[in-house]
Amino acid sequence: AMFDHVLDMSVLDDVMIQHQQEYQSEFPGVDASTAVLAHSVDIQNLLESQGCDVMRELQQNGYAVIDTNIKATREARNLLAASLVTKSSQDSQIRRDTTRFLDRRDAKLLELEYHHDILMGVASYMNERFDFHMEDWPFPPRAPATSACPLTNPKYVQAAEYRENEFYVAHR
């Protein structure tokens with residue numbers, strides 16, 4: 001930044017874009033508009049039930065906490081508890097819990113398909129209603145993301161179980 005008036009770094013833009021596109025994660029995400037509940041009123045109802053303007057919080061804070069408050073059946077909780085076997089490898093000051101990553105097939109087997117679909121539907125909803133001002137970003141989003149719809153979905157959602165004295169501390 002201090003050499004802006006002396007050095008023209010613009011020639012590096014294409015090199016950096018190519019590097020970003022080629023050497024990040026092999027999986028850049030799935031087009032959010034293909035989620036089962038994309039464009040669903042269920043997502044709108046969820047966000048409107050939060051008691052705050054989720055989109056405004058996202059814009060102001062860079063994040064928003066969404067409490068799905070969707071209860072799992074006792075059977076689903078038991079199935080999930082039986083399938084969770086991996087203790088988190090993150091720092092024990094950040095979290096102490098048991099986790100598992102679930103794709104839609106796993107979620108269906110655990111009777112958590114709707115929970116999975118709600119989580120995967122949020123990115124599509126936000127892409128449709130939030131101006132991310134991508135023209136201000138130095139690099140274009142990685143495909144399948146676009147400037148108009150920069151949010152994508154991951155392959156998996158993370159399920160976690162918190163037993164007595166286990167916790168998660170929000171962090172960046």
Side-chain angles (χ1 to χ4, degrees), residues 23-130 132 141-146 148-172:
Y23 295 103
Q24 287 190 3
S25 166
E26 293 179 20
F27 183 72
V30 174
D31 180 350
S33 69
T34 65
V36 172
L37 291 180
H39 320 293
S40 168
V41 69
D42 291 13
I43 307 301
Q44 181 174 344
N45 291 341
L46 169 69
L47 297 180
E48 288 177 354
S49 73
Q50 299 301 301
C52 65
D53 184 340
V54 172
M55 299 305 280
R56 184 174 310 176
E57 284 197 15
L58 177 64
Q59 188 172 25
Q60 290 175 345
N61 304 324
Y63 68 91
V65 176
I66 301 170
D67 182 358
T68 62
N69 202 24
I70 302 169
K71 305 297 183 204
T73 65
R74 181 183 310 272
E75 178 64 19
R77 289 192 308 268
N78 290 338
L79 288 168
L80 179 61
S83 76
L84 294 172
V85 293
T86 305
K87 290 305 276 181
S88 174
S89 61
Q90 282 186 307
D91 185 293
S92 64
Q93 300 304 309
I94 293 176
R95 71 186 311 158
R96 293 185 198 152
D97 55 8
T98 309
T99 62
R100 178 173 174 192
F101 289 93
L102 307 172
D103 61 17
R104 191 163 194 269
R105 181 186 55 82
D106 296 330
K108 187 172 186 171
L109 291 172
L110 297 173
E111 299 180 12
L112 296 170
E113 184 176 17
Y114 184 70
H115 298 77
H116 175 278
D117 293 346
I118 281 284
L119 290 171
M120 292 298 203
V122 171
S124 176
Y125 181 92
M126 290 184 174
N127 277 338
E128 294 167 5
R129 289 165 180 79
F130 193 74
F132 289 90
R142 289 181 67 199
T146 65
C149 296
L151 300 180
T152 60
N153 280 331
K155 284 183 183 178
Y156 308 99
V157 297
Q158 184 179 31
E161 180 178 66
Y162 299 87
R163 297 183 177 124
E164 188 174 347
N165 297 319
E166 292 186 329
F167 59 87
Y168 173 83
V169 176
H171 63 284
R172 289 182 189 238

Q. Between S124 (side chain) and G121 (backbone), is there a donor-acceptor pair under 3.5 Å?
A. no
**Q.** Residue pair C149 / E128, side-chain heavy-atom distance below 4.5 Å
**A.** no
Q: Can you see which heavy atom on I43 is nearest to which on L37, and at what distance?
A: CG1-O, 3.7 Å
Q. Where the side chain of D31 meets the backbone of P144, is there a donor-acceptor pair that is under 3.5 Å apart?
A. no
**Q.** Considering all heavy atoms, the nearest I70-Y114 contact
**A.** CD1-CE2, 3.8 Å
Q: Decide, yes or no, whether a salt bridge links R104 with D117 under the criterion of side-chain N to carboxylate O below 4.0 Å.
A: yes
Q) Would you say the side-chain atoms of H116 pair up with the backbone N or O of V157, donor to acceptor, closer than 3.5 Å? A) no
(Q) Tell me the closest heavy-atom pair linking L46 and I118, and the distance in Å. (A) CD2-CG2, 3.6 Å
Q. So, N127 side chain and L151 main chain: donor-acceptor pair closer than 3.5 Å or not?
A. yes
Q | Verdict with reasoning, L110 to R100, per side-chain contact (heavy atoms from CB on, under 4.5 Å) | A | CA-CA 12 Å; L110 297 173; R100 178 173 174 192; 3.9 Å; yes
Q: Determine the minimum heavy-atom distance between L102 and A107, stating which atoms define it.
A: CB-N, 4.4 Å
Q) Are H39 and S33 close enough that some pair of their side-chain heavy atoms sits under 4.5 Å apart? A) yes
Q.
Using every non-hydrogen atom in the two residues, find where C52 and E57 come nearest and quote the distance to one decimal.
A. SG-OE2, 3.2 Å
Q: Could you grab the distance from atom NZ of K71 to atom CZ of R77, nearest 0.5 Å is fine?
A: 9.0 Å
**Q.** Heavy-atom pair with the smallest gap, counting every atom of A76 and L112
**A.** CB-CD2, 3.9 Å
